[in-house]
Amino acid sequence: MNKINIAIDGPAAAGKSTIAKLVAAELHMVYVDTGAMYRAITLAHLEQPDTSFETLVNAIDLKIINDNGQKIFLNGVDVSERIRENDITLNVSYVASQKAVREKLVGIQQEMTAAKGVVMDGRDIGTHVIPDAELKIYMIASVTERAERRLLDNQQRGIEANFDDLVKDIERRDHIDMTREISPLMKAHDAIEIDTTGMTIEAVKDKIIQLARKINV
Ligand code: C5P
């Protein structure tokens, strides 16, 4: 489906990336996880805490390779796994609230979607990055279910985690993301909300694919 873009937004750990990746593969579209881009800038910031965000984003070399999944390189180093660790998750929403960071990344994201054929997930994709996306999904799920999913995901990645801390982190990040000044997380007026609580990955994927096929007839 190379004539449309699909925007998938929603709060932390709602399953956006998992679903976006599957939808993109089935529809032969390119999958872009924008959260990974904010996470990579967060890593750069933790490595150079005294550098201003403006200098930081203008100096770094960020490469995203989208080929059946996504790999992200910061200054030539593959940081795709490193950016999932707890120090990054703890700091990413603060870094993502910085104007210089958002301007830089939104610019890159808009270039990536200009030719269409992209499934992009994040927080401000339908509202800000591609407001003209042909299909916009706002994906939600209960905090308990999101924490359970993240716990499983972290265990599979070998990242230390416990359920109560994950609930707190998800609530804290959602609060920062929803109340920040620049393009806060919100449902676009024309987005379709999907509550994935109790739904299987397969069912959510199929629902989005059906919606996409209806548009791209
Ligand atoms: O999607 P993920 O949880 O990896 O995103 C990490 C963080 O990056 C979010 O909590 C949010 O603060 C930020 N983010 C954002 N805008 C996006 C994608 C992610 O502010 N489009």
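Counting starts at 1 for both ligands and their atoms, in listed order.
Residue contacts with ligand 1: Arg150 is placed with no nitrogen or oxygen under 3.5 Å of a nitrogen or oxygen of the ligand (distance criterion only). On a distance-only criterion, Asp33 and ligand 1 share no N/O pair closer than 3.5 Å.
For atom 2 (P) of ligand 1, the nearest non-hydrogen atom from the set Met120, Gln98, Arg123, Gln109 comes from Arg123.
Taking the six-membered ring where the residue is Trp, Phe53 and Tyr94 present perpendicular rings, their angle passing 60° and hence far from 30°.
Shown in contact with Asp177 at under 4.0 Å from a heavy atom are these atoms of ligand 1, numbered in order with element: 9 (C), 10 (O), 11 (C), 12 (O). Within ligand 1, counting atoms from 1 as listed, the ones closer than 4.0 Å to a heavy atom of Asp124 are 16 (N), 17 (C), 21 (N). Atoms of ligand 1 lying under 4.0 Å from at least one heavy atom of Ala96, given by number and element, are 12 (O), 13 (C), 20 (O). Each of the atoms 15 (C), 20 (O) of ligand 1 lies under 4.0 Å from some heavy atom of Arg180.
Ion pairing between a basic and an acidic side chain is recognised when a charged N comes within 4.0 Å of a carboxylate O; Asp153 and Arg157 show such pairing. Under the 4.0 Å criterion applied to side-chain N and carboxylate O atoms, Glu202 and Lys205 are assigned as salt-bridge partners. A salt bridge does not link Asp33 with Arg39: every distance from a Lys NZ or Arg NE/NH1/NH2 to an Asp or Glu carboxylate oxygen is 4.0 Å or more. A salt bridge does not link Lys99 to Glu54: none of the charged nitrogens lies less than 4.0 Å from a carboxylate oxygen.
With no hydrogens or angles considered, no side-chain donor-acceptor pair links Asn91 and Thr42 at under 3.5 Å.
Scanning the protein heavy atoms around atom 18 (C) of ligand 1, the nearest turns out to be Thr34 OG1, 3.3 Å. From the protein, the heavy atom lying nearest to atom 3 (O) of ligand 1 is Arg173 NH1, 2.9 Å. For atom 4 (O) of ligand 1, the nearest non-hydrogen atom of the protein is Arg39 NE, 2.7 Å.
Ligand 1 lies within reach of Arg102, whose nearest heavy atom is under 4.0 Å from it.
A donor-acceptor pair under 3.5 Å is absent between the side-chain atoms of Thr196 and the main chain of Met199, judged by distance alone.
Residues passing the salt bridge (charged side-chain N to carboxylate O under 4.0 Å, His left out) test with Asp124, sequence neighbours excluded: Arg102.
By the criterion of a heavy-atom distance under 4.0 Å, both the backbone and the side chain of Ser93 are placed next to ligand 1.
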